Number of protein chains: 2
Amino acid sequence: MATQRRRNGKGNGKANPAEDEAVYQAILHALLEGKLKAGTKLAEPPLADIFGVSRERIRKVLHRLGAERRLEMIPNRGARVPRPTLDDVRSVYEAHRVLEAGVLTQLVRHIDDALIDRLNAHLAEERAAATRGDRAASVRLSGAFHVHLVEALGNAELTRFLADLLSRSSVMVSVYEPATDSICAVDEHGAIVEALRARDVARAIAVSREHFLHVESRLHLDDVVPASEDLGSVFAAVKPKRRKAR
Amino acid sequence: MATQRRRNGKGNGKANPAEDEAVYQAILHALLEGKLKAGTKLAEPPLADIFGVSRERIRKVLHRLGAERRLEMIPNRGARVPRPTLDDVRSVYEAHRVLEAGVLTQLVRHIDDALIDRLNAHLAEERAAATRGDRAASVRLSGAFHVHLVEALGNAELTRFLADLLSRSSVMVSVYEPATDSICAVDEHGAIVEALRARDVARAIAVSREHFLHVESRLHLDDVVPASEDLGSVFAAVKPKRRKAR
DNA sequence: CCTCCAAAAAATGTGCACATTTTCTACGCG
DNA sequence: CGCGTAGAAAATGTGCACATTTTTTGGAGG
């Protein structure tokens, strides 16, 4: 009997939360990966067709993403990938900067050798990726460094907030790409750890601040927009269900 | 013709976002006001009856509140008012404390006389409410003070995060009530402003920290739970639509 | 060639009818 | 008398039909 597909009877109330989740993850992933360019319209019928699920399924996921402010929902006009202004991006970076100042302030109170060791181990990874020239790993590890810092506090609220900020800024780099070269200079991360080890809050904050300002200064507005159409190719490898003939 | 009610034809796709919003606000308000006790089950049919709207309308609102983590949604088992643990509450307060440390750090850079004046004006309001013995106003103004601080930075992300934290802690006081006496000592708020005026970051943070620890220390776990049933009376004055006979 | 507008097409929003699951109830057995 | 359980009742989840709204299309007129 195995995994019988729906599509059979009429009123079918079969619960399948995994399928919701799969669609959600697929769209979210495409969003975070930057495959869905800013301004792209996400209409329900084509998505339902691509993923092979009912329209209400898509609908629910879209609204959920809208509630998380990852999509821009306009009543009666559907969902679009947000087109953040330069101020929006700055706002996210500034928020991260302010948050990290608070995190560092609190962190020097609970710091111990084990934490320093973990951070240094992470720095080693970052350096390895940098010398290896692995750009993707560098980006990932660079973000992970800041995640490590908040996670050290063990506060779920703060961790969630940072994760939200990071995911948002990762979307933005697809528009305002500081992509050119090294994202976060490992040296700057190292300086933060060093200041932490010395229990020097003021210095840690100052370094962190400079670090963020450095990143922010690389932001620039690429003229107009890339704009992406043709959802089919975006989700090509995701769900090989059925596709519309053109 | 005025406001014709739906309930008429059959398939009725009339868009009425205001009605969604009304239900959302009503439940949210009851939640923030503490009228909905922790652990209360929010079933769809009775709510639909109380508000006089379709079940799917209620459904949508419930899931939205769940996405905001204001309600606990369990698949196939509906929505409940969350029953935060003492650790959850501490986590929220700690997050607020850490955030405010960052905010103060940033704030001393952009401080000016106008801001100090505004904060002092707010302190005057707080003192007036305190001497007047207006407990409700005191609670509200006490929260507003911290809102003023973040808003001074003009960062939407930070403001939103704080609002989220505040709304969450306001729900929690209905369980772990530090309700006994003065919520936030106005003097402590005053000391923060004073430190800000002197551009003394370290002092501002120290005072803020003590302030929060002071509030947190008053938290205590009331034995078991109040538990509230009978949704009808909770939303009594909200929507005088129809009610179920018992 | 551009603009404006009406009709068609497409997309979104919503109530409803069930399917599925959970919760309640009552009965029989140890 | 407690306890597990079968059946009933209630609640949640989902597809579908259709209303409403938006967008596109195809001319007609300037």
Side-chain angles (χ1 to χ4, degrees), chain A residues 1 3-24 39-67 71-81 229-231 241-242 244-246, chain B residues 4-24 39-67 71-81 229-231 241-242 244-246:
Chain A
M1 200 138 299
T3 48
Q4 174 87 20
R5 274 291 151 211
R6 46 219 102 296
R7 218 57 11 177
N8 33 9
K10 5 182 297 172
N12 186 331
K14 185 131 30 114
N16 195 342
E19 208 161 80
D20 282 63
E21 198 56 21
V23 174
Y24 172 80
T40 305
K41 170 78 183 293
L42 291 181
E44 298 169 9
L47 287 175
D49 190 48
I50 289 172
F51 288 103
V53 301
S54 72
R55 189 166 69 84
E56 359 287 287
R57 200 77 74 127
I58 298 290
R59 181 177 187 68
K60 196 165 66 168
V61 170
L62 253 38
H63 278 268
R64 177 177 163 193
L65 288 165
L71 290 180
E72 190 175 350
M73 301 296 298
I74 306 175
N76 289 320
R77 299 189 48 182
R80 307 193 84 91
V81 180
E229 291 303 320
D230 181 32
L231 302 175
K241 276 292 173 53
R242 76 206 60 192
K244 189 182 293 182
R246 280 199 150 255
Chain B
Q4 173 87 23
R5 274 295 150 209
R6 37 224 105 294
R7 213 67 1 182
N8 34 11
K10 9 181 292 175
N12 186 330
K14 184 133 29 118
N16 195 341
E19 208 161 79
D20 283 63
E21 198 55 23
V23 174
Y24 173 80
T40 305
K41 171 76 184 294
L42 290 182
E44 298 168 9
L47 287 175
D49 189 47
I50 289 172
F51 288 102
V53 302
S54 72
R55 189 165 70 85
E56 357 288 284
R57 198 79 70 129
I58 297 290
R59 181 178 188 68
K60 196 166 68 169
V61 170
L62 252 38
H63 278 268
R64 177 176 163 194
L65 287 165
L71 290 180
E72 190 175 350
M73 301 297 297
I74 307 176
N76 289 321
R77 299 189 48 183
R80 307 192 84 91
V81 179
E229 291 304 318
D230 180 32
L231 303 175
K241 278 292 174 53
R242 77 205 63 193
K244 190 182 291 181
R246 278 198 150 253

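Everything numeric in this text was worked out from a predicted model, so none of it was measured. Convention: sequence-line order gives letters A, B, ...; per-chain numbering from 1.
- The CD1-C1' distance, from B/I58 to C/dG15, rounds to 14 Å in whole Å.
- To the nearest angstrom, C1' of D/dT12 lies 13 Å from CG of B/L47.
- Scanning atom types as modelled, one donor and one acceptor separated by under 3.5 angstrom connect the side chain of A/R55 and the base of C/dG13.
- OP1 or OP2 of C/dT23 has at least one side-chain nitrogen or oxygen of B/R77 nearer than 4.0 Å.
- For A/N76, the side-chain atoms get nearest to C/dT12 when compared with the rest of C/dT12, D/dT14, C/dT22.
- Across all non-hydrogen atoms, the minimal contact from A/V61 to A/Y24 is CG1-CA, 3.6 Å.
- One atom, CZ of B/R57, and another, C1' of C/dC16, lie 14 Å apart when rounded to the nearest Å.
- Checking C/dG15, D/dT14, D/dG15 against the side-chain heavy atoms of A/S54 singles out D/dG15 as nearest.
- For B/R59, the salt bridge (Lys or Arg N to Asp or Glu O under 4.0 Å) partners at least two apart in sequence or on another chain are B/E44.
- Of the side-chain N and O atoms in B/R59, one or more sit less than 4.0 angstrom from OP1 or OP2 of D/dG13.
- A/E56 comes within 4.0 angstrom of a nucleotide base, judged by non-hydrogen atoms across all strands.
- What separates NZ of A/K60 from P of D/dG15 is a distance of 9 Å, to the nearest Å.
- In the helix from C/dC1-D/dG30 to C/dG30-D/dC1, the end axes, each obtained as the rotation axis mapping the C1' atoms of four pairs onto the next four within a five-pair block, lie 10° apart to the nearest 10 degrees.
- Nucleotide D/dG13 holds its P atom 6 Å from the CD atom of B/E44, rounded to whole Å.
- Atom-to-atom, CG of A/L42 to P of C/dT12 comes out at 10 Å; the value is rounded to the nearest Å.
- Checked for salt-bridge contact, A/E56 and B/K60 miss the test: no charged N lies under 4.0 Å from a carboxylate O.
- Here CD1 of A/I74 is found 9.0 Å from NZ of A/K41. Values are rounded to the nearest 0.5 Å.
- Closest approach of A/A79 and A/M73 over heavy atoms only: CB-SD, 3.4 Å.
- Between B/H63 and D/dT12 there is no side-chain polar atom (N or O) within less than 4.0 angstrom of OP1 or OP2.
- Side-chain contact between A/R57 and A/D20 is present, with heavy atoms from C-beta onward closer than 4.5 Å.
- The side chain of B/K41 lies closest to D/dT12 when the candidates are C/dT14, D/dT14, D/dT12.
- Minimum interatomic distance between A/L42 and A/L62 (heavy atoms only, all atoms of both residues): O-CD2, 3.7 Å.
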